[in-house]
Amino acid sequence: MADPHLVPLGGGWGLWRWFCVRAAGFPADLVEALADPELAGLADTANDGGEPDDYLARFRVAERALARALHRVAADPRIREAVAWQNPAALDNGFDTLLRRDPETVARTGRHRRTEALVTSYLHRYCLKNDTIGFFGPLRWGRIDPAQAEPVRPAHDGTAGDRTLYLEGWALAALGRALAPPLRPWLVPRLLPLLDVDGEALRVPLAEPVPLEPVEAAVLRALRPDRTAREVVAAVCADPAGPTTDPERVRTALDRLHADRRIEWTLEAPPDDLHPAATMRAVVDRVDDPAVRETALTALDRFTAVAATVAAARGDATAVRDALAALGATFTELTGEAPARAAGQLYAGRTLVFEECREPDTVTIGPTALATLRAPLTLLLDSARWYTAAGAALYRRALRTHFDQLTAGRPDGVVPLAELWLAARGVLIDDPEPVVRPLTRALAARWERLLAVDDGNRRVWRDAADLRAGVAAAFPAGPPGWPSAAQHSPDLMIAAPDLAAVAAGDVDWVLGELHPGYHTMRYASWVECHPAPDDLARAMVADLPGGTVRLGATGAQGGSATRFSPRLRTTADRRLVFAPDTCGHDPEHDLVVGGCDVVDRDGRLVVRRRRDGVCHDLLEVVSDLVAANLMPHFRLLSPAPHRPRVTIDRLVVNRESWTFPASTVDFTADSDEARRYRRTRAWAVRHGLPRHVFVRCTGEQKPIHVDLASLASVEVLCRAVRRAARTAGTDARVSVTEMLPAPDQLWFTGPDGRRRSAELRFVAAPGLPT
């Protein structure tokens, strides 16, 4: 019998009963208005030697039809509101620019086509990408119900979704820094995590210990997670063996340590705190100087009050934009900092606020829907387990090399973890490719031998039963690479013409991505949206009863987006504290980088906490970073000019794909739009590309959807290719993957009955076979 939180798959694996439904917030058919299949057909005919005048005549008609369609998109209130939340500047500089132009007479200059491409990109993302943010990418939670007769049952209860506005932690951190100086007596100073106190000296990585003045040493020894600066002063002065009883000398030492960047001493909240303003307000409330307290509370209340006007503006794009502008102006006035960060980067938590929307409609899956999924998915999970183990071995070797270099000349063989952390930064953070590349090649080589793929074919089918023995030999069973690597997160889609086909059990599954050794449903705001968060917590404990080590911040530098902070921690978990902004940790329980050493114990590198000798395997300590480095590269087939669609039983494990040097996609620079569209169509036909594809160019974090029957979408494609060629030169590549499920295979519908793109995000873990 499997654990209660798992539904057995077989082969020793199970799926969590809860899964996440990520769906586009807008119907897929909205993009149809931007396409002209008749124009595409005439272009193909002209390329085959047909009458070009028919094509050119239709092209003029298509130009005006596109201009009118994009004008309607730019005026759509809900699309405008989505853009206002995501990028208000795009609303001003793109959407409103388009609306000021008459679609019947506007000249299709390069500047105008750039504006059209911007609007098109947002529409395609909102309609055909499975993002999860705000009402234009709402979150749903689903369940596997072993007692359900229907394969899949979507449910709409007719109620509106819950929309919750969150303030980004990095923004509150900036506000806290601005408010901190007069509050410091009531704030908690803490040693920066890469440092450690050793008697009368300060351990500094990659340098000799720094001698401390006696009062400074006493101050650092007196720091506690719950001890304010005033209490630190009192503790130092009350110590009969201490260096001073003069409070002013202690306060001066605190100021000097802060100025020298030895301590952090600010108004702050933990990185995973979804409600940092309330946490910071509670700190300020304890200040017993009314003037200092009220000044800080006024600033906090002012900022949160302006943020509340953003939430109140929902439903009106102009109001949202204006409220966000007012919030940005208030933020800059209070902090002196810009109201955005990581400009131009996706997924960076770059704005002051973000919104999560939980839709009440859900999806339940019965056991019959899993029938065609079980056997092929277990094969993939077996290879994912091997992948983490092999990846761990490679990282152990790389970390061993750095350790051996650092121990040269050290007779005790002890390396401070802070020094190894900085020395190994390249393979762990900056450039993991040299470590990861051999692993991804080995994974693909094994799968390519098993699948025996002929790239000359468009479709390849394999039987899971026929592959089972080969998979067992290629990916032998063994322990995962680190404790939390027992969990894997497959993103799966269902391809079916409609719900009737799904109800009849005619279910094809499509693998989006498989995230090996990574739990992709643990994000703080997702867990808060869950109808029963305790269920998720119990499932995590069941999978990882001994706990594991997790990063104390989600980014390599800290300061990461609050919405991506992990929330599902067990009481046995320890945090690895490395980032300056990581507060709220317990040094008695967690691993602070500056307070640990790395030692060789019987040929295995372990992290040993100095205060008590508690040890953890080094790979486990850095496993979150290792998992993040391995996760994006789990692919069954290596890149090639063409790869077929590969299906095991009824699970598509590889969508058909093509890879081109950007230099060979030479039509993108053609300044004549009509001729360029014909050349695009010729390229698509020559390579057998379907109408709907996803394209990823060198340098882009995420793929973009391209409709090869749409003038505006082709413009998006051409601009992306040209951008890649400019930035990457001859190394630029254009990767094209079929959209699967295709628009006519999108079974999931919203309350309006219109098709929406959707994926189901699962978590798999070892379980008892039935």
Side-chain angles (χ1 to χ4, degrees), residues 3-6 15-23 130-135 137-144 161-170 172 269-279 347 349 353-364 484 486-491 515 517-545 547-555 560-575 582 584-585 590 624 627-628 631 759-765:
D3 287 323
H5 72 294
L6 292 175
L15 287 178
W16 276 30
R17 292 180 184 272
W18 286 104
F19 59 86
C20 181
V21 184
R22 304 179 75 206
N130 300 318
D131 285 336
T132 307
I133 182 168
F135 74 90
L139 177 70
R140 298 167 175 85
W141 284 99
R143 273 185 67 84
I144 301 173
D162 300 323
R163 297 176 65 168
T164 304
L165 185 75
Y166 297 98
L167 296 167
E168 275 287 9
W170 73 265
L172 268 296
D272 61 348
D273 191 341
L274 286 174
H275 308 284
T279 300
Y347 313 105
V353 295
F354 67 96
E355 188 185 52
E356 292 285 15
C357 177
R358 184 182 70 181
E359 288 291 337
D361 53 328
T362 187
V363 174
T364 55
S484 62
Q487 297 174 322
H488 310 285
S489 299
D491 296 342
H515 309 273
Y518 208 86
H519 191 299
T520 56
M521 300 194 308
R522 62 179 182 163
Y523 305 133
S525 57
W526 289 22
V527 174
E528 188 164 85
C529 285
H530 194 276
D534 288 347
D535 285 0
L536 301 182
R538 283 190 292 270
M540 186 66 84
V541 172
D543 282 353
L544 305 171
T548 187
V549 179
R550 300 290 192 184
L551 291 184
T554 55
S560 49
T562 301
R563 68 187 302 259
F564 294 122
S565 296
R567 172 59 59 87
L568 291 178
R569 302 182 190 272
T570 74
T571 56
D573 285 351
R574 298 184 192 273
R575 289 195 293 181
T582 305
H585 60 274
D590 295 323
D624 270 359
M631 179 178 61
E759 72 178 12
L760 311 181
R761 174 162 284 185
F762 294 95
V763 171

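For clarity, every value in this text was computed on a predicted model and none was experimentally measured.
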- Heavy atoms of L544 and S484 approach each other most closely as CD2-CA, 3.8 Å
- Determine, stepwise, if the pair R522 / R550 fulfils side chain to side chain contact (heavy atoms under 4.5 Å, CB included). CA-CA 12 Å; R522 62 179 182 163; R550 300 290 192 184; 3.1 Å; yes
- Message: R761: which residues meet the side chain to side chain donor-acceptor pair (under 3.5 Å) condition with it, sequence neighbours left out?
- Response: D491, T520
- Message: Checking R358 against T164 for the side chain to side chain contact (heavy atoms under 4.5 Å, CB included) test, could you report, in this order, the C-alpha distance in whole Å, the side-chain angles of both residues, the deciding distance, and whether it holds?
- Response: CA-CA 8 Å; R358 184 182 70 181; T164 304; over 6 Å; no
- Note on the structure: Value for CG (L536) from NE2 (H519), rounded to nearest 0.5 Å, stands at 7.0 Å
- Query: Going from CG on L760 to CZ on R140, what distance comes out if it is rounded to the nearest 0.5 angstrom?
  - Reply: 11.0 Å
- What pair of heavy atoms forms the shortest contact from A23 to N130, and how long is it? CA-OD1, 4.2 Å
- Query: Where does the angle between the aromatic ring planes of W18 and W141 fall among parallel (under 30°), tilted (30 to 60°) and perpendicular (over 60°)?
  - Reply: perpendicular
- Go through the steps to decide whether Y166 and V353 satisfy the test side chain to side chain contact (heavy atoms under 4.5 Å, CB included), and finish with yes or no. CA-CA 6 Å; Y166 297 98; V353 295; over 6 Å; no
- Message: Using modelled atom types and a 3.5 Å cut-off, is there a donor and acceptor pairing between side-chain atoms of D590 and backbone atoms of H585?
- Response: no
- Task: Could you tell me which non-hydrogen atom of P533 sits nearest to which non-hydrogen atom of V527, and how far apart they are?
- Result: CG-O, 3.6 Å
- Task: Check whether any side-chain heavy atom of R17 sits under 4.5 Å from a side-chain heavy atom of R143, and report yes or no.
- Result: yes
- Tightest non-hydrogen contact, residues A627 and G517, listed as CB-O, 3.7 Å
- Partners meeting side chain to side chain donor-acceptor pair (under 3.5 Å) with R163 (sequence neighbours left out): E81, E355
- Task: Dump the intermediate steps for side chain to side chain contact (heavy atoms under 4.5 Å, CB included) on T132 and Y523, then the final yes or no.
- Result: CA-CA 11 Å; T132 307; Y523 305 133; over 6 Å; no
- Close side-chain approach of C529 to D162, heavy-atom, < 4.5 Å: no
- Query: Distance from F354 atom CZ to L274 atom CG, nearest 0.5 Å?
  - Reply: 6.0 Å
- Item | Distance-only side-chain donor-acceptor flag, H530 / D535, under 3.5 Å | no
- Query: Once you round to the nearest 0.5 Å, how far does SG of C357 lie from CG of L165?
  - Reply: 12.5 Å
- Query: What's the shortest heavy-atom distance between G584 and R575, and which atoms?
  - Reply: O-NH2, 3.0 Å
- Task: Output yes when a side-chain donor or acceptor of S489 lies under 3.5 Å from a complementary backbone atom of Y518, and no otherwise.
- Result: yes
- Item | Reported CE-to-CZ distance for the pair M521 and F762, which is rounded to 0.5 angstrom | 9.0 Å
- Do you know which two heavy atoms are closest between P490 and A764, and how far apart they sit? CD-N, 4.3 Å
- Point-to-point distance, once rounded to the nearest 0.5 Å, from CG of D543 to CD of Q487: 4.5 Å
